[in-house]
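Beneath this line is the structure, given in structure tokens, with notes to follow.
All values reported here derive from a predicted model rather than from experimental measurement.
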Amino acid sequence: MVKVSQLAARYRQEFNEDVFIDMVCYRKHGHNEGDEPKFTQPSLYALIEKHANPREVYTQFLLNNGESEAQALAKEMEKGFWDDLQARLDDVKQHPLPYVSQKPEQWWQALRKATPQDFEASPVTAIKEEDFKRLFDGLMKWPESFVPLRKVSKLLQDKIKLYQEEGKVDWATGELLAYASLLIEGKDVRMSGEDVKRGTFSHRHAVLFDENTNETYSRLSHFQENQGKFRIYNSLLSEYGVLGFEYGYAMANPNNLVLWEAQYGDFVNGAQTVIDQYISSAEQKWTTQNGLVMLLPHGYEGGGPDHSNARPERFLQQCAEENMVITNITTAANFFHALRRQLTWQFRKPLINFSPKANLRHVGAYSAMQEFTQGGFKEVLDDPFIDDAAVVKKVLLCSGKMYFDLSDKQAKDDRKDVAIVRLEQLYPLPVKQLEAIAQKYKGATFFWVQEEPLNMGAAAFLQMNLKQINYGVISRNPSASTATGYAKVHAREQQQIIDTAFNI
């Protein structure tokens with residue numbers, strides 16, 4: 001079998017064609033030492049029990065064909081084989097071979113395990129202003145001979161105009177700036193998922209296509225010589241297979257940023273085995289760290305039960321002992337810092353971010369240049385609309401898209417008595433930051449507001465883990481389905497949440 005496998009491997013390497021090996025064999029014993037295969041196949045295993053092993057069969061074949069010395073030779077060869085194994089074992093015990101760690105092992109050994117204190121505040125992940133400008137300019141250029149699609153060219157021109165006139169960048173630019181900043185530091189970045197080159201919602205455009213020749217141009221591969229490699233792949237619609245592969249790729253080198261993006265967050269259902277067996281539990285089971293990033297589009301916009309909800313409650317239910325990081329981020333700069341934080345930490349944790357869809361282009365998600373060149377990730381974002389905390393009577397805690405819906409209502413009605421606080425990181429839960437918010441608005445009533453049904457989202461997780469603040473919960477009613485399929489019903493439910501939050 002070994003010889004056949006070697007031959008097949010050599011053939012494939014030489015001719016780049018697949019090889020099928022038709023292997024006929026049987027299992028002598030059960031699938032483990034304690035298994036009794038006769039329980040289910042008594043007749044078959046009665047025959048197998050009497051069946052000689054291949055060495056005995058071949059010896060008998062030689063004897064039957066005139067090789068009279070075969071029996072003695074077989075015994076001599078068997079004894080020589082076992083003597084050789086014993087001699088090698090004795091030699092290794094007496095003269096242990098020094099073990100030299102391979103490169104991947106050395107990279108992992110240079111890191112350490114995380115502690116609860118590591119999550120009390122995020123590290124500084126800002127970049128220099130000159131690097132920000134250089135990377136932004138590099139992202140917005142392409143070769144003179146290259147002709148991008150007119151719509152894409154217009155999108156990039158709008159991004160340039162936004163930066164030049166307001167000093168701000170949108171979500172997609174903030175994301176690409178994070179990758180670019182890691183690349184010029186010598187780190188590699190790898191991303192896969194359905195339509196990730198352009199982005200499921202046509203926001204990323206990491207790779208441009210020439211409208212005349214269909215040639216491609218990677219916007220992230222031309223900043224300087226000796227930069228890290230940027231690899232991005234539009235992968236097949238097989239969440240289980242692709243996510244499993246990317247998890248393994250992230251395991252190979254902790255100095256790579258490896259990301260997988262679901263076309264819609266709901267589709268991660270197809271990869272649940274990878275999440276349960278590895279992403280959420282591998283560090284506890286096997287003491288193996290992994291820094292894989294999962295981007296799961298999430299948000300209620302009338303898209304129906306299969307295009308709204310990435311099931312945050314499933315991930316949060318599995319959170320314990322700082323096993324992974326769960327975020328629902330609302331600004332370009334905070335997303336930038338979250339991505340850079342993955343490789344800045346002296347340890348590695350899986351990051352699951354519930355990514356925006358419609359809010360990819362929301363003006364509230366824009367960030368000023370200074371937010372990229374100062375500080376780091378902010379686990380909690382206070383309300384910039386509030387001038388005087390003393391007049392605040394109610395605080396609405398929320399996460400992700402819900403913030404934009406609430407803030408639109410707040411601004412429209414000029415509600416200075418209602419503060420909207422964003423929980424950007426759900427786990428590890430930023431207790432100290434939340435305690436500071438509670439102290440600032442100590443005369444106010446607190447509510448957790450979510451767009452998911454009560455039995456989903458972060459509500460149950462927070463009720464179990466956030467004991468430092470007394471708060472009520474505002475949400476959709478409990479539901480077996482993640483969302484309604486009727487746009488009018490969706491709009492009515494969403495409006496009811498908003499009205500309740502401000503009127504209760």
Side-chain angles (χ1 to χ4, degrees), residues 1-111 240-241 244-254 273-274 276-279 281-290:
M1 186 60 209
V2 172
K3 186 173 182 179
V4 170
S5 299
Q6 291 173 339
L7 182 62
R10 288 170 56 194
Y11 180 89
R12 191 178 189 283
Q13 290 294 100
E14 179 69 26
F15 300 106
N16 296 317
E17 293 183 358
D18 291 333
V19 180
F20 291 89
I21 300 173
D22 188 7
M23 183 172 62
V24 180
C25 60
Y26 66 92
R27 176 181 271 169
K28 179 75 173 175
H29 305 288
H31 74 275
N32 63 42
E33 295 85 347
D35 183 47
E36 176 51 86
K38 282 186 177 179
F39 287 156
T40 53
Q41 294 175 300
S43 299
L44 176 62
Y45 272 88
L47 293 172
I48 289 175
E49 208 170 42
K50 300 172 184 175
H51 197 284
N53 64 43
R55 179 177 55 80
E56 293 167 339
V57 170
Y58 186 57
T59 301
Q60 190 60 47
F61 171 81
L62 293 176
L63 289 170
N64 294 341
N65 286 274
E67 299 290 342
S68 57
E69 298 179 358
Q71 191 77 41
L73 178 61
K75 289 184 178 180
E76 182 183 342
M77 291 178 67
E78 181 181 10
K79 182 178 183 304
F81 175 75
W82 286 108
D83 288 347
D84 185 44
L85 286 182
Q86 187 62 51
R88 294 187 186 192
L89 177 62
D90 294 341
D91 185 57
V92 168
K93 285 182 176 180
Q94 294 171 14
H95 308 95
L97 296 174
Y99 180 75
V100 179
S101 298
Q102 299 180 45
K103 277 287 184 185
E105 294 174 293
Q106 294 173 16
W107 294 329
W108 283 110
Q109 289 166 3
L111 300 173
Y240 174 68
F245 183 89
E246 300 305 342
Y247 181 86
Y249 200 98
M251 185 70 71
N253 188 346
T273 307
V274 181
D276 293 347
Q277 294 294 105
Y278 297 96
I279 292 172
S281 58
E283 184 169 355
Q284 282 300 313
K285 291 192 291 187
W286 305 306
T287 67
T288 55
Q289 300 185 60
N290 197 291

Donor-acceptor pairs under 3.5 Å, side chain of residues 11-21 to any protein atom, not counting sequence neighbours: which ones?
residue, atom, partner, partner atom, Å
Tyr11, OH, Glu17, OE1, 3.1

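- Here the straight-line distance linking atom CD of Gln41 with atom CD1 of Ile48 works out to 7.5 Å at 0.5 Å rounding.
- Open room surrounds CD on Glu76; 12 or fewer heavy atoms of other groups in view lie less than 6.0 Å from it.
- With a 6.0 Å radius and a threshold of 12 heavy atoms from other residues, nucleotides or ligands, Asp22 has its CG atom at or below the threshold.
- The local environment of OH in Tyr26 is crowded, with over 12 non-hydrogen atoms from other residues, nucleotides or ligands closer than 6.0 Å.
- Scanning all heavy atoms of the two residues, the minimum distance from Tyr247 to Ala282 falls at OH-CB, 3.2 Å.
- With a 4.5 Å cut-off on side-chain heavy atoms, Lys38 and Glu49 count as touching.
- Counting only heavy atoms from C-beta outward, the side chains of Pro37 and Arg27 never approach each other to under 4.5 Å.
- Residue Phe61 holds its CZ atom at 9.5 Å from CD of Glu67, rounded to the nearest 0.5 Å.
- No more than 12 heavy-atom neighbours from other residues, nucleotides or ligands sit within 6.0 angstrom of CD on Gln102.
- Rounding to the nearest 0.5 Å places CG of Asp91 at 7.5 Å from CG of Leu97.
- Counting non-hydrogen atoms of other residues, nucleotides and ligands closer than 6.0 Å to NZ of Lys75 gives a total of 12 or fewer.
- Going from atom CD of Glu78 over to atom CZ of Phe81 covers 9.0 Å, rounded to the nearest 0.5 Å.
- Crowding of Glu69 atom CD: a count of heavy atoms from other residues, nucleotides or ligands under 6.0 Å not exceeding 12.
- Not a single donor-acceptor pair under 3.5 Å links the side chain of Lys103 to the backbone N or O of Asn253.
- Considering all non-hydrogen atoms of both residues, Ala74 and Thr59 come closest at CB-OG1, 3.6 Å.
- In terms of heavy-atom proximity, Gly30 sits nearest to Asp35 at CA-OD2, 3.3 Å.
- Under a 3.5 Å cut-off, the side chain of Trp286 and the backbone N or O of Tyr278 do not form any donor-acceptor pair.
- Here CE of Met77 is found 14.0 Å from CH2 of Trp82. Values are rounded to the nearest 0.5 Å.
- Two residues are said to be in side-chain contact when any heavy atoms from C-beta on lie closer than 4.5 Å; Val57 and Gln60 fail this criterion.
- By the side chain to side chain contact (heavy atoms under 4.5 Å, CB included) test, Lys285 pairs with Gln277, Ser281, sequence neighbours left out.
- Between Phe245 and Tyr249, the ring planes lie tilted relative to each other; the angle falls in the 30° to 60° range.
- Rounded to the nearest 0.5 angstrom, Asp90 CG and Gln86 CD are separated by 4.5 Å.
- No side-chain heavy atom of Ile279 sits less than 4.5 Å from a side-chain heavy atom of Asn290.
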